[in-house]
**Student:** 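Could you have a look at this structure, given as structure tokens, before my questions?
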Amino acid sequence: MSHIVDRRKNDKGKSTGNRQKFLKRVESQIKKAIPDILSQESIKDSKTGGSVKVPVRGLDEPAFRHDPKTGKKQIVKPGNDRYNEGDRVPKPKAGGGGGGRGKGSNSPETSEDEFTVVLSREEFLQYFFDDLALPKMVKKLMDSTETFEMKRAGYTRDSVPSRLNVKTSFQQSLGRRLALKGVFDKKLQLLEEQLALITDPEERVGLELEIEKVKRQANTIPFFEDIDLRYNNFERVPVPVTSAVMFCIMDVSASMGYHEKDIAKRFFTLLYIFLTRLYKNVELVFIRHHTEAKEVTEEEFFNSRESGGTVVAPSLKLMDKIMRERYDENWNIYCCQASDGDVWSKEDAKECKNLVLETILPAIQYMAYIEINNKNRESDLWQAYNRISNDEDFSIRHINEVYEIWPVFQGLFRKRNDSDSGR
């Protein structure tokens with residue numbers, strides 16, 4: 001029987017199989033570290049991978065040991081490059097171990113050793129979004145949906161008459177007729193030269209008949225032959241279907257301080273990474289608003305410093321306008337809105353509620369509203385949205401600190417069961 005041992009190594013010197021087993025063992029610690037990762041300076045770093053500190057405790061490999069009561073025993077320690085069997089091991093000098101000071105085994109303080117696990121981009125994002133998905137994706141699947149369209153791909157000699165390309169066929173015919181006529185003219189010229197040199201009457205009659213035949217052939221060249229015909233050729237080309245769009249609406253008014261804007265940007269950055277990681281064919285529409293609302297680019301959405309008063313309703317009206325102009329009923333439409341809840345007046349909050357209830361929700365799959373302020377204070381916008389919110393179509397959540405982003409994000413985009421999500 002043959003035994004095959006795979007000794008291939010990855011860039012860290014560990015086999016891929018062993019690495020996967022190891023990551024499985026520390027999976028719970030990695031997931032616990034996610035809120036700390038979101039609290040770092042830049043969450044966009046997760047797009048290229050990252051490192052996670054994991055406690056050493058519980059990672060010891062199981063091993064067989066000799067019973068210490070049986071007397072003699074042999075122990076094999078890996079990595080020994082100094083001693084052989086029978087050598088005497090020198091006793092460490094006094095104080096060499098540090099005298100028991102510090103957070104060691106004799107310290108009254110409890111400590112926990114840690115080591116760092118370096119994750120690749122794919123591994124990193126897998127732990128982020130493994131249990132998350134866009135809810136109610138019922139119209140068209142995004143993961144692998146494709147449509148096909150026919151595109152021109154040159155010409156072919158065999159096809160149906162309706163695809164005949166007259167211009168190209170005529171060019172082929174003209175070239176063929178000119179070539180054949182040149183051949184006949186050359187042959188006719190040679191025959192006439194021979195006729196001028198022949199004096200025998202019988203030979204002249206035969207040569208004259210041949211000349212008449214060549215003239216008749218030159219004058220009766222067919223205008224079109226099958227070899228001239230060219231037909232338009234078409235190929236079936238796959239075209240990916242972009243069947244989902246996410247509207248990202250962020251309040252950038254003066255009431256949104258640095259802390260509030262930082263949380264909003266972290267949330268939308270996490271949402272951006274989530275969508276582009278799980279779904280290849282998805283569009284994002286970025287809307288910023290203060291007293292006015294406008295659609296902006298991704299760069300401007302995250303980095304612009306423009307600010308002003310607070311009127312929320314225009315952002316929802318702009319979203320409705322964009323939906324009607326660009327996205328028909330075949331699209332899965334989603335919306336995430338982030339604000340501190342401050343509005344110009346209660347009428348603005350009431351108008352927002354009516355817009356969401358009567359215009360936005362009937363046309364989209366799911367909407368989430370994130371209010372960034374102290375949970376003890378309910379804003380006018382929160383109170384208005386709270387009257388129409390539910391966990392199926394319209395969810396509202398509070399966030400006040402950075403560490404709350406991840407639990408809220410998980411709650412909003414957790415995977416539903418088949419009856420809830422339609423997936």
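When a residue number appears, it is its place in the shown sequence, counting from 1.
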**Student:** Which pair of heavy atoms, one from Lys261 and one from Ser253, lies closest together, and at what distance?
**Tutor:** CE-O, 3.9 Å
**Student:** Can you confirm whether Ile388 sits close enough to Val356 that some side-chain heavy atom of one is under 4.5 Å from a side-chain heavy atom of the other?
**Tutor:** yes
**Student:** For Arg324, I'd like to know if atom CZ has over 12 heavy atoms of other residues, nucleotides or ligands within 6.0 Å.
**Tutor:** no
**Student:** Just by distance, do the side chain of Ser169 and the backbone of Asn165 share a donor-acceptor pair under 3.5 Å?
**Tutor:** yes
**Student:** Looking at Gly257, is its backbone amide N or carbonyl O close enough to the side chain of Glu260 to form a donor-acceptor pair, meaning the two atoms are under 3.5 Å apart?
**Tutor:** yes
**Student:** Please report the interatomic distance CE(Met250) to NE2(His289), rounded to the nearest 0.5 Å.
**Tutor:** 9.0 Å
**Student:** Can you confirm whether more than 12 heavy atoms, excluding those of Asn303, are under 6.0 Å from its CG atom?
**Tutor:** yes
**Student:** Identify the two heavy atoms, one from Ala349 and one from Ala384, that lie closest to each other, and give their separation to 0.1 Å.
**Tutor:** O-CB, 3.6 Å
**Student:** Output the distance between atom CD1 (Ile360) and atom SG (Cys335), rounded to the nearest 0.5 Å.
**Tutor:** 7.0 Å
**Student:** Salt bridge or not for Glu295 and Lys321, using N-O below 4.0 Å?
**Tutor:** no
**Student:** Can you check whether Phe394 and Tyr385 have ring centres sitting under 6.0 Å from each other?
**Tutor:** yes
**Student:** Within this structure, what is the NZ-CZ distance for the pair Lys151 and Phe234, rounded to the nearest 0.5 Å?
**Tutor:** 12.5 Å
**Student:** Which distance, rounded to the nearest 0.5 Å, do you find between the CD1 of Ile263 and the CG of Asp340?
**Tutor:** 11.0 Å
**Student:** Looking at Lys167, Arg176, Arg177, which one forms a salt bridge (Lys or Arg N to Asp or Glu O under 4.0 Å) with Asp228?
**Tutor:** Arg176
**Student:** Is the side chain of Asn219 donor-acceptor paired with the backbone N or O of Lys215 at a distance under 3.5 Å, no angle test?
**Tutor:** yes
**Student:** Does the side chain of Val245 come within less than 4.5 Å of Arg326's, by heavy atoms?
**Tutor:** no
**Student:** Please assess Leu355 against Asp320 for the test side chain to side chain contact (heavy atoms under 4.5 Å, CB included), listing each intermediate value before the final yes or no.
**Tutor:** CA-CA 9 Å; Leu355 283 169; Asp320 179 56; over 6 Å; no
**Student:** How many angstroms lie between atom NE2 of His398 and atom CD of Glu404, to the nearest 0.5 angstrom?
**Tutor:** 10.0 Å
**Student:** Give the intermediate values and the outcome of side chain to side chain contact (heavy atoms under 4.5 Å, CB included) for residues Met150 and Arg236.
**Tutor:** CA-CA 5 Å; Met150 303 302 291; Arg236 193 166 176 256; 3.9 Å; yes
**Student:** Would you call Leu318 and Ile249 a side-chain contact if the rule is heavy atoms closer than 4.5 Å?
**Tutor:** no
**Student:** Can you name the closest pair of heavy atoms from Arg163 and Ser159 and give their distance?
**Tutor:** CD-OG, 3.6 Å
**Student:** When you look at CD1 of Ile227, are more than 12 heavy atoms from neighbouring residues, nucleotides or ligands closer to it than 6.0 Å?
**Tutor:** no
**Student:** Students often mix this up, so state it plainly: with edges at 30° and 60°, are the rings of Phe409 and Trp406 parallel, tilted or perpendicular?
**Tutor:** parallel
**Student:** What orientation do Phe170 and Phe223 show, parallel under 30°, tilted 30 to 60°, or perpendicular over 60°?
**Tutor:** tilted
**Student:** Indicate the ring-plane relationship of Trp382 and Tyr369, choosing parallel, tilted or perpendicular according to the 30° and 60° boundaries.
**Tutor:** tilted
**Student:** Just so I know, are the side chains of Arg266 and Asp262 near enough to count as touching, which here means a heavy-atom distance under 4.5 Å?
**Tutor:** yes
**Student:** Tell me the closest heavy-atom pair linking Ser339 and Leu381, and the distance in Å.
**Tutor:** OG-CD2, 4.4 Å
**Student:** For Val160 and Tyr231, which heavy atoms make the closest approach, and how far apart are they?
**Tutor:** O-CD2, 3.3 Å
**Student:** Has Asp348 got a side-chain atom pairing as donor or acceptor with Val312's backbone, closer than 3.5 angstrom?
**Tutor:** yes
**Student:** Around atom CD of Glu225, are there more than 12 heavy atoms from other residues, nucleotides or ligands closer than 6.0 Å?
**Tutor:** yes
**Student:** What residue among Phe301, Phe247, Phe286, Phe302 forms ring-ring contact (aromatic ring centres under 6.0 Å, His included) with Phe268?
**Tutor:** Phe301
**Student:** Does Ala153 offer a backbone N or O that forms a donor-acceptor pair with the side chain of Asn233 under 3.5 Å?
**Tutor:** yes
**Student:** State, with a plain yes or no, whether a side-chain heavy atom of Glu371 is found less than 4.5 Å away from one of Asn386.
**Tutor:** no
**Student:** Hey, is the main chain of Asn400 close enough, under 3.5 Å, to the side chain of His259 for a donor-acceptor pair?
**Tutor:** yes
**Student:** Considering all heavy atoms of both residues, which atom of Leu284 and which atom of Cys248 are nearest to each other, and what is their separation?
**Tutor:** CD2-SG, 4.3 Å
**Student:** Using side-chain contact (heavy atoms from CB on, under 4.5 Å) as the criterion, point out the one residue from Ile287, Leu316, Ile370 that pairs with Gln337.
**Tutor:** Leu316
**Student:** Does Ser395 reach the main-chain N or O of Ala368 with its side chain, forming a donor-acceptor pair under 3.5 Å?
**Tutor:** no
**Student:** Within this structure, what is the CZ-CD distance for the pair Arg230 and Gln172, rounded to the nearest 0.5 Å?
**Tutor:** 4.0 Å
**Student:** Any side-chain to backbone donor/acceptor pair from Asp342 onto Ser379? Under 3.5 Å, distance only.
**Tutor:** no
**Student:** Is there side-chain contact between Tyr366 and Asn332, with heavy atoms separated by less than 4.5 Å?
**Tutor:** no
